[in-house]
Amino acid sequence: MPDAPTTAAPTTGGETVQLTGWGRTAPTPATLVPVHGDDDVRAVLARHGSRGVVARGLARSYGDAAQNAGGSVLAMTTADRVLDVDLPAGEIEVEAGISLDRLMNLFVPMGFFVPVTPGTRYVTVGGAIAGDIHGKNHHQAGSFSQHVRWLDLLLADGSVRRVGPDQDPDLFWATAGGMGLTGVILRARVRMKPIESSRLLVDTDRTPNLDALMALLTETDHLYDYSVAWIDCVARGRRMGRSVLTRGRFARRDELPARKQADPLRYSGSVKLSVPDVFPPGLLNAATVAAFNEVWYRKAPKRKRDQLQSIPTFFHPLDGVAHWNRIYGPRGFVQYQFTVPFGQEEAMREALGRISRSGHASFLAVLKRFGEGNPGMLSYPSPGWTLALDIPVVKGLAALLDELDELVVAADGRIYLAKDSRVRPELFERMYPRLEEFRKVRAQVDPDGVFTSDLARRLSL
Ligand SMILES: Cc1cc2nc3c(=O)[nH]c(=O)nc-3n(C[C@H](O)[C@H](O)[C@H](O)COP(=O)(O)OP(=O)(O)OC[C@H]3O[C@@H](n4cnc5c(N)ncnc54)[C@H](O)[C@@H]3O)c2cc1C
């Protein structure tokens, strides 16, 4: 059921607004122009100023990737049609501004799930490709771009090029994870995941510390389609890294209780609450976060098997509360996410130890075991361990994170661009050895650097 063609006239205007990422740090002004189709993008390109242009999806990247101080920002969420559906092949063709939330509402009842979902369903397909996002199934299914057959990329000269893993692969793999800097992703053909039910069978294990968690994941992660561990990163000593590990897979229809078998693909993802923008800075401090972590760890079962959970409960627990990022107050927060390769477990221990000793409050941190990487030149996932923490912006945080960056680089690890707002460019270069290759491809398709962003300028991408 493709959507009707859009009839909107090309957009010419746009208004100047302050933009931030999800972490709400470092707002900058830009002209935000809604995009309904290719001509809207061309119209902006035809009159862009020296500060250039970047696309923006649902702004769930935490830092400054979808900002462009003094320049133009393309609001892609107005281009969100389904263009083609091939159910036997499990493939859909969509405009890049469509959200994973909408895809789930449309396709879960037909027996298809998105191939990869992050911890929120409020991201666009364009943002998912540009960030080459990963989910709980990275160890089995890789990242989002690996499920893209092709995409249409609008280049700096206004032409549109169809690229994919088999069609202009260099430009495709520079775009996958390329943070919007090779052009504007207009449309994509994505392979969906067939499912028999909208419920997951979930196993939960509490582990007493980081070593126990890593050992359990190493031995048994291959048995599960999806897995993630929530870590208490306030606990110290022998309890450092204690965690609640949840792993699962979609249930088959015959595994559902009889009353659910009649409507096995029933799906509803709704927002239940909204947080007002009234929270003062400092509400989340070491004491409140430690208390939260303690309660949360204790309330999880030590070991539970085959619990049926819904898609929102298993994948998107935070999405039930709109604007939850406001709880961090007006100064905002940083998400620090890094990965270190297998064999560098000591670096992960050291990083977690420094975080827990630092007194910087972090709500539940998330640890995952990545599988193989892909050819994406700036793609983040690579075989190893990845840890993500949300930390409120307070004095002393910058010094801690700078120290962690050094530790990560020394361990041949890297930080994740979609979460970053502060890494130093010289360290970033060492984390991404294929940066030069990316720059070369980018220079070929955009020699004047029309596509740029606050992130691109900060890191000299
Ligand atoms: C609660 C939460 C949980 C998250 N969990 C995960 C997770 O588990 N795994 C993970 O990988 N990420 C995760 N993320 C990060 C998120 O998946 C990425 O930042 C994603 O890129 C956001 O998509 P978006 O549509 O909001 O894009 P935006 O944040 O608006 O933009 C991100 C980048 O994509 C570019 N872009 C957007 N649309 C286009 C387009 N049409 N053409 C070209 N470039 C484009 C932008 O220029 C920018 O560089 C999480 C974020 C939140 C808030």
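Counting starts at 1 for both ligands and their atoms, following the listed order.
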Axial cation check for Y328 ring with R24, 6.0 Å and 45° limits: no
Main-chain N/O of E426 paired with E429 side-chain donor or acceptor, under 3.5 Å: no
Contacts of R326 that satisfy side-chain hydrogen bond (donor to acceptor under 3.5 Å, both in side chains) - sequence neighbours left out: none
Per-ligand residue contacts, ligand 1, heavy-atom threshold under 4.0 Å: W22, V54, A55, R56, G57, L58, A59, R60, S61, Y62, A65, A66, M76, A96, P118, G119, T120, V123, T124, G126, G127, A130, I133, H134, M179, G180, G183, V184, I185, W324, Y416, A418, K419
Those residues that, when tested against R430, pass side-chain hydrogen bond (donor to acceptor under 3.5 Å, both in side chains) (two or more places apart): none
For S159, all residues meeting side-chain hydrogen bond (donor to acceptor under 3.5 Å, both in side chains), sequence neighbours excluded: D157
Short side-chain donor-acceptor distance under 3.5 Å, T386 and Y416: no
